[in-house]
S.K.: 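Here's a structure for you.
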Amino acid sequence: MEFTTEEELVEYAVKAEGKRFADIDLMGRLDKVTKGNLGQIIEESYFGYEINSRPEADFKDLNIELKVTGVKKNKNKTLSAKERLVLNIINYNDEVKKDFDTSSFWSKNQKLLLFFYLWDKEKTQREWSILKTHLHSYSDEDLEVIKQDWEFIVNKIRAGKAHELSEGDTNYLGAASKGTNSNSVRSQPFSDIPAMQRAFSLKNSYMTALTRKLLSEKDLVRITSPQELKKKTLEQIINERFAPFVGKSLTQLSKEKNIRINIKTKAFLPDFISSLLGIKGTSLNDIEEFSKANIQFKTVRLEPRGLPKEHMSFKNVDFHDWLKEPFEDSWLFDYFSETKLLFVVFQYKETEKENPNRELYFKGVKLWNMPYQDLQDLREFYDHVKGILQAGVKLTPTSRGTSTNLPGAGTNGKYHLRTKGRDGKDKLPLPVTGEMLTKHCFWFDKEYVVRIINDSTLS
């Protein structure tokens with residue numbers, strides 16, 4: 001089927017909306033569920049062209065690439081992308097010879113014809129239907145961030161570090177692992193170390209923001225402009241936004257920005273950040289750059305000597321999932337390989353003993369993603385815990401409750417597991433032994449948090 005204009009292509013694509021894959025599949029691809037078969041159904045049966053892996057765009061005369069991508073409905077009724085949008089394989093040896101305009105990413109993916117379908121685990125693929133079709137062009141702002149991301153990825157390859165690439169390195173355009181397992185590797189030009197096969201991809205967070213904008217008509221607020229992004233990175237712009245407030249007490253900021261500040265409430269951090277950014281009342285998830293780049297927030301409160309009083313908690317862990325899932329399929333890997341954390345740092349100038357009503361001062365922000373070596377350390381931690389679970393966790397009664405042989409604070413200087421249940425009665429059965437154990441959470445050691453925020457100057 002040939003299309004001479006974008007309008008013809010879009011007009012034909014729209015006719016697929018509301019149709020089930022069973023209504024479209026003419027080649028029997030639904031008889032066997034395979035990876036990528038839904039995209040093949042749209043290519044073969046709807047558009048009538050042969051499956052291919054050409055370096056140019058699918059509709060080459062229009063320079064438009066076809067992509068079929070899933071949408072899922074969350075428990076809170078919101079919509080999210082089911083996964084990142086994988087684009088084209090990165091040929092490490094070729095990509096380093098190009099600039100952005102001649103890159104494999106830009107040559108193939110300047111415009112994307114997106115077919116969004118509703119993924120539903122309770123239904124078969126036959127029953128899934130096309131929710132919406134959309135011809136996607138990158139906004140000027142997005143394109144500047146994507147150019148920065150591409151440069152970062154390629155510069156890492158040029159430095160002989162293709163094996164250290166991680167999705168958390170970048171904001172919108174990722175380098176996603178692409179292969180059956182960690183043994184799917186290929187050569188890189190400036191190192192003898194084999195690098196995992198990767199593909200350019202639009203990150204899950206970027207696709208979720210796009211999904212909500214198109215399907216939920218959700219407005220997002222921007223804090224950057226194309227002009228700024230041509231001169232500075234997103235990280236530099238974020239640091240500049242917060243720089244004028246560094247060193248000021250919360251009392252002073254409360255008066256200057258006309259905001260109520262109660263650091264003990266859960267709403268404190270979102271209200272504080274949005275007020276300092278000049279978009280008071282806006283949910284942090286509604287800030288477009290934060291939403292698309294999957295930037296999450298963590299508060300750090302330093303004591304006068306520069307160490308937090310507490311370790312940093314994340315999510316409660318499911319030991320049954322931990323035991324059965326390989327590291328690459330775990331929540332830990334997904335979160336820390338794909339998420340950027342914005343540490344919002346405060347510091348006390350007095351100890352609690354010196355002044356029970358002591359004041360907090362804003363110290364700055366630090367945008368961070370877990371580097372390659374720390375991810376490898378996390379893998380070792382994960383496998384170590386899995387070994388303990390397989391052997392059966394050893395529970396020892398103490399005067400304060402129960403101790404275990406799970407890695408606690410200070411074990412490796414970075415990560416540990418510790419209780420975070422409502423109380424000692426908030427328990428779940430362990431795998432293998434079935435014994436009851438208070439719910440445990442994944443934590444960063446407070447010393448590790450300090451090393452992160454001190455790695456470079458705060459804004």
Side-chain angles (χ1 to χ4, degrees), residues 166 168 263-264 266 268-269 294-303 305-323 325 327 329-348 363 365-389 393-396 398 400-428 430-431 436-455:
S166 169
I263 199 163
K264 294 181 180 180
K266 287 185 177 181
F268 159 71
L269 188 58
N294 194 21
I295 296 173
Q296 306 290 321
F297 302 85
K298 281 289 185 181
T299 310
V300 180
R301 300 169 197 173
L302 300 175
E303 292 294 319
R305 291 189 176 183
L307 196 67
K309 186 177 181 179
E310 304 286 345
H311 302 294
M312 180 174 285
S313 66
F314 287 87
K315 182 180 176 181
N316 276 6
V317 299
D318 185 323
F319 286 127
H320 289 82
D321 286 346
W322 198 305
L323 184 58
E325 291 176 343
F327 178 63
D329 294 336
S330 68
W331 168 82
L332 277 177
F333 177 76
D334 283 347
Y335 185 83
F336 288 109
S337 65
E338 297 177 10
T339 305
K340 283 185 176 290
L341 292 175
L342 187 69
F343 293 100
V344 184
V345 186
F346 305 91
Q347 188 164 20
Y348 294 106
K363 190 173 174 65
V365 296
K366 167 73 181 214
L367 188 62
W368 175 87
N369 63 279
M370 187 174 283
Y372 172 80
Q373 186 53 56
D374 290 21
L375 269 175
Q376 301 316 301
D377 294 342
L378 185 61
R379 179 193 298 274
E380 289 184 14
F381 174 83
Y382 188 85
D383 291 340
H384 174 61
V385 171
K386 181 174 283 193
I388 294 173
L389 295 172
V393 179
K394 294 178 182 177
L395 306 184
T396 305
T398 69
R400 299 179 61 183
T402 303
S403 69
T404 75
N405 60 333
L406 292 166
T411 302
N412 54 43
K414 291 182 179 178
Y415 326 115
H416 68 274
L417 296 173
R418 193 154 56 90
T419 57
K420 199 188 176 185
R422 291 188 298 274
D423 52 45
K425 297 177 182 179
D426 193 9
K427 298 182 177 183
L428 288 172
L430 283 164
M436 302 298 290
L437 181 66
T438 306
K439 287 180 180 178
H440 273 56
C441 180
F442 176 80
W443 299 73
F444 277 179
D445 287 16
K446 56 187 175 183
E447 295 81 3
Y448 179 48
V449 173
V450 169
R451 292 201 300 275
I452 290 170
I453 62 176
N454 288 340
D455 184 44

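Because the structure is a prediction, the values reported are computed rather than measured.
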S.K.: Give the minimum heavy-atom separation between Leu389 and Pro431, together with the two atoms involved.
M.R.: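 Scanning both residues, the minimum pair turns out to be CD2-CG, 4.3 Å.
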S.K.: Grab the two heavy atoms, one from Lys366 and one from Asp455, that are nearest each other, plus how far apart they are.
M.R.: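 Closest approach of Lys366 to Asp455: NZ-CB, 3.7 Å.
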S.K.: Nearest heavy-atom pair of Val300 and Pro308: which atoms, and what distance?
M.R.: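 In terms of heavy atoms, the two residues are closest at CG1-CG, 4.2 Å.
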S.K.: When you compare the side chain of Phe442 with that of Val385, does any pair of heavy atoms fall below 4.5 Å?
M.R.: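 They are not in contact (no side-chain heavy atoms under 4.5 Å apart), so the answer is no.
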S.K.: With side-chain contact (heavy atoms from CB on, under 4.5 Å) as the test, would you mind laying out the steps for Lys309 and Tyr348 before giving the verdict?
M.R.: CA-CA 11 Å; Lys309 186 177 181 179; Tyr348 294 106; over 6 Å; no
S.K.: For residues Met370 and Tyr372, determine if any side-chain heavy atom of one lies less than 4.5 Å from a side-chain heavy atom of the other.
M.R.: no
S.K.: Supply the atom-to-atom distance Asp334 CG to Thr339 OG1, rounded to the nearest 0.5 angstrom.
M.R.: 8.5 Å
S.K.: Within 45° of the axis and under 6.0 Å from the centre of the six-membered ring of Phe327, does NZ or CZ of Lys386 qualify?
M.R.: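 Pair Lys386/Phe327 does not count as cation-pi.
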S.K.: Got a second to check how far Leu430's CG is from Met436's CE, nearest 0.5 Å?
M.R.: 8.5 Å
S.K.: Using modelled atom types and a 3.5 Å cut-off, is there a donor and acceptor pairing between side-chain atoms of Asp445 and backbone atoms of Gly410?
M.R.: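 The answer is yes, because a donor-acceptor pair under 3.5 Å joins these two groups.
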S.K.: Taking the side chain as C-beta and beyond, is there a heavy-atom pair between Phe314 and Trp331 under 4.5 Å?
M.R.: yes
S.K.: Is it true that Asp374 and Gln376 share a donor-acceptor pair across their side chains at a distance under 3.5 Å?
M.R.: no
S.K.: Starting from the C-alpha separation in whole Å, work towards a yes-or-no answer on side-chain contact (heavy atoms from CB on, under 4.5 Å) for Asp321 and Ser330.
M.R.: CA-CA 8 Å; Asp321 286 346; Ser330 68; over 6 Å; no
S.K.: Calculate, to the nearest 0.5 Å, the distance between atoms CG and CD1 belonging to Leu367 and Ile295 respectively.
M.R.: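 Leu367 CG to Ile295 CD1: 5.0 Å, rounded to 0.5 Å.
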S.K.: What's the shortest heavy-atom distance between Met312 and Val449, and which atoms?
M.R.: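 Closest approach of Met312 to Val449: CB-CG2, 3.9 Å.
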S.K.: Search all heavy atoms of Ser337 against all heavy atoms of Ser166 and return the closest pair with its distance.
M.R.: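 That closest heavy-atom pairing would be O-OG, 3.4 Å.
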S.K.: Which pair of non-hydrogen atoms, one from Ser403 and one from Thr398, has the smallest distance, and what is that distance?
M.R.: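 Ser403 and Thr398 have their closest heavy atoms at OG-CG2, 3.7 Å.
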S.K.: Within the structure provided, determine whether Leu406 and Phe319 are in side-chain contact (heavy-atom separation under 4.5 Å).
M.R.: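 They are in side-chain contact.
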S.K.: Find out whether Asn412 and Asp377 are in side-chain contact, i.e. whether some heavy atom of one side chain is under 4.5 Å from a heavy atom of the other.
M.R.: no
S.K.: Answer yes or no: is there a donor N or O on one side and an acceptor on the other, between the side chain of Trp443 and the main chain of Arg418, under 3.5 Å?
M.R.: yes
S.K.: Would you indicate whether the side-chain heavy atoms of Phe297 and Phe343 approach each other to under 4.5 Å?
M.R.: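 With C-beta onward as the side chain, the pair stays apart.
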S.K.: Counting C-beta onward and ignoring hydrogens, is there a side-chain heavy-atom pair between His440 and Asn316 closer than 4.5 Å?
M.R.: no
S.K.: So Tyr335 and Leu341, side-chain contact (heavy atoms from CB on, under 4.5 Å) or not? Walk me through it.
M.R.: CA-CA 10 Å; Tyr335 185 83; Leu341 292 175; 3.4 Å; yes
S.K.: How long is the straight-line distance from NZ of Lys446 back to CZ of Arg451, given to the nearest 0.5 Å?
M.R.: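 That separation rounds to 13.5 Å.
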S.K.: Does the side chain of Lys414 reach to within under 4.5 Å of the side chain of Phe444, using non-hydrogen atoms?
M.R.: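 The answer is no; the side chains never approach within 4.5 Å.
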S.K.: Could you walk me through whether Leu395 and Leu437 pass the side-chain contact (heavy atoms from CB on, under 4.5 Å) test, one step at a time?
M.R.: CA-CA 8 Å; Leu395 306 184; Leu437 181 66; 3.9 Å; yes
S.K.: Can you tell me how far the CG atom of Leu342 sits from the NZ atom of Lys298, to the nearest 0.5 Å?
M.R.: 12.5 Å
S.K.: Answer yes or no: is there a donor N or O on one side and an acceptor on the other, between the side chain of Gln296 and the main chain of Lys340, under 3.5 Å?
M.R.: no
S.K.: Is there a donor-acceptor contact under 3.5 Å from the side chain of Tyr415 to the main chain of Gly408?
M.R.: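 No; judged by distance alone, with no hydrogens or angles, the pair does not exist.
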S.K.: Quick check for you: to the nearest 0.5 Å, what is the distance between Leu375 atom CG and Leu332 atom CG?
M.R.: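 Going from CG on Leu375 over to CG on Leu332, the span is 10.0 Å.
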